[in-house]
Engineer: 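Pasting a structure below so you can have a look.
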Amino acid sequence: MLSWVRNLLNNSTHISKICQIHAQIVIHGLPLDSHLLETLIHLGNLDYASSVFKISSPTDYSWNVMIKGYTLNASPHNSVFMYNEMLRNDVRASNFTYPFLLKACSARFAIKEGEQVHAHVVKFGFQLDLYVNNTLIDMYSKCSCVEYAHRVLDEMRDRDEVSWNSIISGYVSCGEVENARKLFEEMTIRRNVFCWTTLINGYGKEGRLVRMFELFLQMLVSADEVGPNSATMVCLLTACSNLCELKLGRWFALFIHVNTIPLNAILNTALIDMYSKCGQVEKARRLFDGMSGKNLVSWNAMLTGYVQRGLLEDAIQLFCLMRYKLVKPNEITMVNVLSACAGLVEEGRLQFSNLPLKYGLSPKVEHYACMVDLLGRAGYLNEAIELVKNMVILPDSIIWGALLSACRIHGDIDLADKIGELLLSSPDPNFGVCILLSNIYASVGRWKDVARIRRLVKEKDTKKPSGCSWIEVDGVVHTFLVEDTTHMGSTQIYETHQFLINHLKLKECVLELRHKEP
DNA sequence: TTAGGGTTAG
């Protein structure tokens with residue numbers, strides 16, 4: 001009977017059937033709790049699994065299975081909690097559990113817990129095999145402790161592509177793409193498509209399009225004999241869309257077509273995003289309409305495209321179509337929808353209330369920012385203030401900025417005063433918001449207040465992150481920071497700049513004189 | 001049972 005019920009469990013995919021089998025297990029006192037747990041975890045029903053675990057007398061194996069289950073079902077907090085409970089109950093983790101635990105730690109960016117698990121692996125004498133070591137590198141890398149990851153790599157006798165790529169990926173996510181490149185060059189084994197893609201992505205994320213493209217070309221002719229796959233193309237397209245680089249984006253789109261790289265949902269979405277961010281929103285829509293297997297991210301990308309191009313009616317219509325197709329929106333969808341409600345206060349109020357009531361979503365600071373902006377611009381300043389007062393989360397600088405902008409638009413200096421007091425009393429006032437306040441005072445001639453705020457900003461050492469601009473000339477991207485003199489043509493650039501300023505001033509004088517002519 | 005990829009706010 002035992003093996004018959006076990007087989008029955010293994011072949012069950014419906015909860016109702018599993019409930020029946022569970023009843024049989026209880027009635028006959030069969031020792032199948034661990035199997036039941038495994039089946040439930042496989043089906044992703046962690047609540048049921050947790051109930052079974054609590055009411056049964058858990059075996060060591062059951063503890064381990066639960067840890068695995070929580071990690072696999074994106075519940076790393078419970079996974080780590082379970083591990084601590086397990087230790088309190090004097091139960092040891094099995095070798096197979098450690099990678100899951102490390103994965104749970106990296107998902108929570110919990111370096112302390114990760115280090116503790118690492119220490120336990122050593123203390124309890126488990127073998128640090130290739131698989132566990134790779135998971136350790138991954139954990140340290142994801143927790144931004146890439147130097148620890150490097151230490152693990154140094155101590156490994158055998159390394160495979162996963163070991164190398166985990167650490168290269170760690171350097172990339174820490175913004176150290178040159179260190180990633182160094183390791184990539186040092187690799188003693190054949191570099192697979194993961195390694196190439198990770199490094200290409202590193203350059204792409206830094207906006208270094210030329211280096212990214214060079215690496216891509218190098219990949220095509222490399223002795224590794226690795227071709228790009230969908231993930232590689234996604235990285236390349238995303239870099240193009242972030243830099244509005246239509247020409248290169250189109251080239252990659254053609255490459256995908258000519259080389260018949262499989263167009264999965266992610267790659268299609270990256271294409272849609274690239275075209276819409278590069279101003280080709282109609283092309284994006286054609287792709288979107290012809291795409292099979294659309295998911296929520298695809299809908300969101302298309303919505304974002306419309307909103308960012310100011311095509312708000314199209315965005316609202318697309319959202320209606322999305323609801324008609326019974327696609328459930330998420331937080332990102334609703335940020336887009338609220339942004340698309342610009343000028344439509346009543347619709348905005350409705351959509352904001354729909355967040356919890358209709359879609360079961362808790363409004364986040366981004367949604368409040370949209371609403372404050374919408375209400376503030378339309379002159380509903382008191383309502384905007386009330387909304388901020390009733391927020392269950394702390395308002396951020398974007399919200400204060402939106403409120404102050406509304407004060408400026410509607411000339412409500414009293415309210416700006418009140419907000420200003422609140423802002424300047426905070427220990428770390430946002431630079432941009434302080435300048436906004438100072439500009440409001442300047443617009444009504446309150447120069448003493450302007451000076452006061454500038455002084456406060458200086459005293460509190462509030463720093464503005466450096467603004468950056470760039471231009472591509474003959475395939476090379478030139479980047480500029482404020483008062484930057486590092487560019488090779490810096491002297492010539494500043495001379496031309498001064499020439500343009502003088503030229504414009506002269507034009508302005510001529511125009512003024514013409515106006516004054518009788 | 002480990003590594004890379006898409007969508008948010010002034």
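Just so we're clear, the structure is a prediction, and the values are computed from it rather than from any experiment. Numbered from 1 within each chain, the chains take letters A, B, ... in sequence-line order.
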Engineer: Taking ring pair (Phe, Tyr, Trp, His ring centres under 6.0 Å) as the test, write out the residues that go with A:Phe319, two or more places apart.
Structural biologist: none

Engineer: With sequence neighbours excluded, what pairs up with A:Thr39 under the side-chain hydrogen bond (donor to acceptor under 3.5 Å, both in side chains) test?
Structural biologist: none

Engineer: Residues from residues 146-165 of chain A sitting under 4.0 Å of DNA chain B, heavy atoms only?
Structural biologist: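 By residue number: A:Glu161, A:Val162, A:Asn165.
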
Engineer: How would you label the contact of A:Phe96 with the nucleic acid (heavy atoms, under 4.0 Å): base, sugar-phosphate, or nothing?
Structural biologist: nothing

Engineer: Report the residues that fulfil side-chain hydrogen bond (donor to acceptor under 3.5 Å, both in side chains) with A:Ser241, sequence neighbours left out, ordered by chain and then residue number.
Structural biologist: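 Here the qualifying residues are A:Asp273.
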
Engineer: Heavy atoms only, 4.0 Å cut-off, all strands: where does A:Asn295 land among base, sugar-phosphate and nothing?
Structural biologist: base

Engineer: Are A:Glu421 and A:Lys418 close enough for a salt bridge, meaning some N to O gap below 4.0 Å?
Structural biologist: no

Engineer: List, one per line, each side-chain donor-acceptor pair under 3.5 Å for residues 183-191 of chain A, sequence neighbours excluded.
Structural biologist:
{"from": "A:Glu185", "atom 1": "OE2", "to": "A:Arg181", "atom 2": "NE", "distance (Å)": "2.8"}
{"from": "A:Glu185", "atom 1": "OE2", "to": "A:Arg181", "atom 2": "NH2", "distance (Å)": "3.2"}
{"from": "A:Arg190", "atom 1": "NE", "to": "A:Asp224", "atom 2": "O", "distance (Å)": "2.8"}
{"from": "A:Arg190", "atom 1": "NH2", "to": "A:Asp224", "atom 2": "O", "distance (Å)": "3.4"}
{"from": "A:Arg191", "atom 1": "NE", "to": "A:Asp224", "atom 2": "OD2", "distance (Å)": "3.0"}
{"from": "A:Arg191", "atom 1": "NH1", "to": "A:Phe184", "atom 2": "O", "distance (Å)": "3.1"}

Engineer: Taking any atom closer than 4.0 angstrom to a non-hydrogen atom of chain A, what span of DNA chain B does the protein reach, first nucleotide to last?
Structural biologist: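 Both ends considered, the range comes out as B:dT1 to B:dG10.
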
Engineer: Taking only residues two or more places apart in sequence or in another chain, which ones pass side-chain hydrogen bond (donor to acceptor under 3.5 Å, both in side chains) with A:Ser405?
Structural biologist: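 Here no residue qualifies.
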
Engineer: Who are the ring pair (Phe, Tyr, Trp, His ring centres under 6.0 Å) partners of A:Phe124, not counting sequence neighbours?
Structural biologist: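 A:His120.
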
Engineer: Just checking, any donor-acceptor pair under 3.5 angstrom between side chains of A:Ser34 and A:Ser62?
Structural biologist: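 Looking only at side-chain atoms, A:Ser62 and A:Ser34 do form a donor-acceptor pair, the distance falling under 3.5 Å.
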
Engineer: Using a 3.5 Å cut-off and no angle test, enumerate the donor-acceptor pairs between side-chain atoms of residues 357-368 of chain A and protein atoms at least two apart in sequence or in another chain.
Structural biologist:
{"from": "A:His367", "atom 1": "ND1", "to": "A:Lys364", "atom 2": "N", "distance (Å)": "2.9"}
{"from": "A:His367", "atom 1": "NE2", "to": "A:Glu331", "atom 2": "O", "distance (Å)": "2.9"}

Engineer: With a 4.0 Å cut-off on heavy atoms, is A:Ser141 in touch with a base, just the backbone sugar-phosphate, or nothing at all?
Structural biologist: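 No contact at all - A:Ser141 keeps every heavy atom at 4.0 Å or more from the nucleic acid.
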
Engineer: When the side chains of residues 387-395 of chain A are checked against the rest of the protein, which donor-acceptor pairs come out under 3.5 Å, sequence neighbours left out?
Structural biologist:
{"from": "A:Asn390", "atom 1": "ND2", "to": "A:Glu386", "atom 2": "O", "distance (Å)": "3.1"}

Engineer: Describe the nucleic acid contact of A:Asn330 in one word from base, sugar-phosphate, nothing, applying a heavy-atom distance below 4.0 Å.
Structural biologist: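 Answer is nothing: A:Asn330 stays at 4.0 Å or more from every strand.
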
Engineer: Tell me what A:Lys294 touches on the nucleic acid: a base, only sugar-phosphate, or nothing, going by heavy atoms under 4.0 Å.
Structural biologist: nothing

Engineer: Need one value for A:Ser397: base, sugar-phosphate or nothing, where a base atom within 4.0 Å counts as base even if backbone is also close, heavy atoms only.
Structural biologist: nothing

Engineer: May I ask you to say what A:Asn133 touches in the nucleic acid, namely base, sugar-phosphate or nothing, with a heavy-atom cut-off under 4.0 Å?
Structural biologist: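 Answer is nothing: A:Asn133 stays at 4.0 Å or more from every strand.
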
Engineer: Scan A:Ser405 against the nucleic acid and name what it touches under 4.0 Å (heavy atoms): base, sugar-phosphate only, or nothing.
Structural biologist: nothing

Engineer: Which part of the nucleic acid does A:Asn264 contact within heavy-atom distance under 4.0 Å: base, sugar-phosphate only, or nothing?
Structural biologist: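 Base contact.
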
Engineer: Please work out which residues in residues 269-291 of chain A have a non-hydrogen atom less than 4.0 Å from an atom of DNA chain B and list them by number.
Structural biologist: A:Thr269, A:Asp273, A:Lys277

Engineer: Just to be sure I understand the rule, does A:Asp138 reach a base, reach only the sugar-phosphate, or reach nothing, if contact means heavy atoms closer than 4.0 Å?
Structural biologist: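 The answer is sugar-phosphate, as A:Asp138 gets under 4.0 Å only of primed atoms, P, OP1 or OP2.
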
Engineer: Hey, could you give me each pair passing salt bridge (Lys or Arg N to Asp or Glu O under 4.0 Å) that has a residue in residues 157-180 of chain A? Not counting sequence neighbours.
Structural biologist: A:Glu178-A:Arg208

